[in-house]
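First up is the structure itself, then whatever we jot down about it.
Quick note: numbers below take in every heavy atom, side chains included, and nothing from hydrogens, waters or symmetry partners. The sequence lines fix the lettering, A, B, ..., with proteins before strands; numbering per chain opens at 1.
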Protein chains: 2
Amino acid sequence: MTTAQRPTLEAVARRAGVSRATVSRVVNGSTTVAEPIRDAVRRAVAELGYVPNLAARSLVTQRTDSIALVLPEAATRVFSDDQVFPGIIRGAAQELEAADKQLVLMLAGSPAGHDRVERYTTGRHVDGVLFASLHGEDPLPGRLARLGIPVVCSGRPLDGADVPYVDVDHVGGVATAVRHLLDSGRRRIATIAGPQDMVAGIERLAGYRNTVAEAGLPELVATGDFTRESGATAMRQLLAEHPDLDAVFAASDLMAHAALRALREAGRRVPDDVAVIGFDDIETAAYTEPPLTTVRQPIVQLGRQMTRLLLRLAAGEAIESVVLPTELIVRESA
Amino acid sequence: MTTAQRPTLEAVARRAGVSRATVSRVVNGSTTVAEPIRDAVRRAVAELGYVPNLAARSLVTQRTDSIALVLPEAATRVFSDDQVFPGIIRGAAQELEAADKQLVLMLAGSPAGHDRVERYTTGRHVDGVLFASLHGEDPLPGRLARLGIPVVCSGRPLDGADVPYVDVDHVGGVATAVRHLLDSGRRRIATIAGPQDMVAGIERLAGYRNTVAEAGLPELVATGDFTRESGATAMRQLLAEHPDLDAVFAASDLMAHAALRALREAGRRVPDDVAVIGFDDIETAAYTEPPLTTVRQPIVQLGRQMTRLLLRLAAGEAIESVVLPTELIVRESA
DNA sequence: TTGTAAGCGTTATCAC
DNA sequence: GTGATAACGCTTACAA
């Protein structure tokens, strides 16, 4: 295993018969280099297989050309099959590829992980930080922002910090879903809410409350944590407390999926006896029994948009938070 | 937005009244520093909020303390809900957290992305590279390995390159599944194979072939690409060509899921008329109708094991490829 | 045990 | 247009 000495700027310069400075200019695309010299340098670069040392570059430019994506990794939930995090990762990766920057992934589940994220990001080892759906009132985004580190969150920060964010229109999406239920004559509409320490959970519940209140109907609420398991429990609870319910809006497709099964086990037919609507539009939604009507959120777009904002922020531009639209996908469950 | 000058070693040294070298020693945990001095330095570090500049450190140590995870991102497949890539990411992240190293994620879908990965990794911007399930005979892992860059693949490289890998026991897992079908009296056992340009696809088909041949039964094969869509198509094709089939082994849970629906649409009952077994044990498998019997592969473990090997390789140790066991999870579909 | 000093490979500011 | 040269912040012989 030969530790092939990597060629440096110096080596390229010697080979091309020019100075280091000139090679640097060519490599960085400066236009002030004479045609023939530029060609000579390019040839030398190719012949030697020169690749710039990013550490050296970072040291002087104070840029790292990489950004961090911080995921909460709430134990099992993250990377279950709800596709939210993979979607964000994918969107971010696409956008960064275009900008030729790197994606550093950090899971901040444990307190130790959280510290690690703080050290790493405050240490300016990245040009900016993306936070994916936080739990509770995490002070980190606000803290980083105050230190002048570019930060963008997915969803409005719960601690009220003035940090730019990208989110989807939870309230509007849920309102559309509940109205769809109302339009089809449902009058005992329940909800399986998401965790109330996350924006997505809070806002989807708010959307439900607004809409049933407007219609003069009662609130029938049970709370889960977006997982199937919690959805099953919540559905059974709702059935026990409100046996006459005729519709359920679940704040995630996973919970809706479990609700579908719980309803079947309880002898209710979907949608005849009870209509069900979910939120997310994960791939599985089209394959449940019956196929799930759901509110689609543009999750890859979310990742892309967050990244685009972050890059602009890092470039010194002023940016504004963005809310992306949702869309009701009608299948057979409602 | 004040560009808060970050404190350097120099600043800490001045504050603690020692030399830069001593601070460096303390920061890097050298034991040859006198107790009181160490304390003084630690205090200065804390007071100033000093965080080492990794670029500067890399420049001199020639290490980056980060490793790349390369994902193929075959269009839609990656980050669909098969949880394979998220699982690998998660395992890698866990293991790297323990080692206090960073995870750089690279999607290498397009040819441009592929080039980008090559430039970046050959440029020694990472201490090692993890490749997740390659398509076809990608020459990159072998090329990097020959350059002396630590590389570990998930699955044996198809181009025969001598690169260490971690894989799961596809053949054994499938054999167990098919024998389970045989034991329950099935005799017309079909398979929906995975893509034949991926190890997972190839080996799972081989496992099926071996086992039905041993039993003296005919091969009934249709091929998909691990997605639900392809699974549905394959299932319909199998039903058309072999209407008397009484069991199906699908090389992925997604394809098995689609097969379940296709069978129902064709009026076959599962498992009464046709038994179905999948591969993966994704979360959805427990929620299909009926719940899916499947071969579980330890996907997070795969990510962890790959990472552990890579770190040892980067540390100069000799390592051996590893094959992880699979397990048949019996539910109701077979 | 601690300090001095020489790089690590770039970019950027000057002169020329 | 091109070339010296001084940083950038750190680690690590080597000296003391």
Side-chain angles (χ1 to χ4, degrees), chain A residues 3-42 44-45 48-66 100 119-120 122-127, chain B residues 3-42 44-45 48-66 100 119-120 122-127:
Chain A
T3 310
Q5 266 313 333
R6 302 210 53 70
T8 67
L9 259 198
E10 181 72 45
V12 177
R14 267 202 308 275
R15 176 115 181 181
V18 298
S19 73
R20 286 204 322 267
T22 298
V23 177
S24 176
R25 289 187 189 104
V26 173
V27 170
N28 292 291
S30 162
T31 49
T32 72
V33 178
E35 191 72 29
I37 297 210
R38 197 189 318 162
D39 290 346
V41 171
R42 289 221 177 106
V45 165
L48 265 39
Y50 169 74
V51 184
N53 180 319
L54 295 189
R57 176 180 287 172
S58 283
L59 191 53
V60 45
T61 59
Q62 308 278 36
R63 285 181 300 105
T64 64
D65 286 330
S66 65
D100 201 29
R119 268 207 325 284
Y120 192 75
T122 59
R124 305 260 173 190
H125 302 324
V126 287
D127 296 343
Chain B
T3 309
Q5 267 311 334
R6 303 211 53 70
T8 68
L9 256 199
E10 181 73 46
V12 178
R14 265 202 309 275
R15 175 117 181 181
V18 298
S19 74
R20 279 196 339 254
T22 299
V23 177
S24 176
R25 290 188 188 104
V26 173
V27 169
N28 292 293
S30 162
T31 50
T32 72
V33 178
E35 190 73 29
I37 296 211
R38 197 188 321 161
D39 290 347
V41 171
R42 289 220 177 107
V45 165
L48 264 39
Y50 170 74
V51 183
N53 180 319
L54 295 188
R57 178 181 286 169
S58 283
L59 191 53
V60 44
T61 60
Q62 307 280 36
R63 286 180 299 104
T64 64
D65 286 329
S66 64
D100 201 29
R119 266 208 326 282
Y120 192 75
T122 59
R124 304 262 175 190
H125 303 323
V126 288
D127 296 343

Interatomic distance, R6(B) CZ vs dC8(D) P [rounded to whole Å] | 16 Å

In whole Å, what is the span from the CG atom of L59(B) to the P atom of dA7(D)?
-> 17 Å

R124(B) CZ - dC8(C) P separation (whole Å) = 17 Å

Check whether any side-chain N or O of R42(B) sits under 3.5 Å from a backbone N or O of V27(B) as a donor-acceptor pair, and report yes or no.
-> no

Shortest non-hydrogen contact from Q62(B) to L59(B)?
-> OE1-O, 4.1 Å

Sub-4.0 Å heavy-atom contacts from residues 26-42 of chain B onto DNA chain C, ordered by number = T32(B), V33(B), A34(B), I37(B)

How do S19(A) and V51(B) order along DNA chain D: which one's closest nucleotide is nearer the 5' end?
-> S19(A)

Determine yes or no for a side-chain-to-main-chain donor-acceptor pair under 3.5 angstrom, with N53(A) supplying the side chain and A55(A) the backbone.
-> yes

Would you indicate which nucleotide in dT5(D), dT2(D), dC10(D) comes nearest to any side-chain atom of R20(B)?
-> dC10(D)

Among dC10(D), dT12(D), dT10(C), the nucleotide that comes nearest once only the side chain of T61(B) is considered = dT12(D)

Once you round to the nearest 0.5 Å, how far does OG1 of T8(B) lie from CG of L48(B)?
-> 9.0 Å

Selection residues 16-29 of chain A - residue pairs positive for salt bridge (Lys or Arg N to Asp or Glu O under 4.0 Å), sequence neighbours left out = E10(A)-R20(A)

Looking at the side chain of S24(A), which of dG9(C), dT11(C), dT11(D) is the nearest nucleotide?
-> dT11(C)

For atom CD of E10(B) and atom C1' of dT4(C), their distance in whole Å | 12 Å

Check the distance between dC8(C)'s P and L54(A)'s CG and give it to me in whole angstrom.
-> 18 Å

Check the distance between dC10(D)'s C1' and H125(A)'s NE2 and give it to me in whole angstrom.
-> 12 Å

Is the side chain of R38(A) donor-acceptor paired with the backbone N or O of V33(A) at a distance under 3.5 Å, no angle test?
-> yes

Rounded to whole Å, the CG-C1' distance (N53(A) to dG9(D)) equals 14 Å

Backbone N or O of R63(A) within a donor-acceptor pair of the S58(A) side chain at under 3.5 Å?
-> yes

In whole angstroms, how far is the P atom of dG9(C) from the CZ atom of R63(B)?
-> 15 Å

Test item: D127(B) side-chain N/O and D65(B) main-chain N/O as donor-acceptor pair under 3.5 Å = yes

Would you say T22(A)'s side chain and V18(A)'s backbone share a donor-acceptor pair under 3.5 angstrom?
-> no

Might you list the N or O atoms of the protein lying below 3.5 Å from N or O atoms in nucleotides 13-16 of chain D, with each pair's distance?
none

Among dG9(D), dT11(D), dG3(D), the one nearest any side-chain atom of V18(A) is dG3(D)

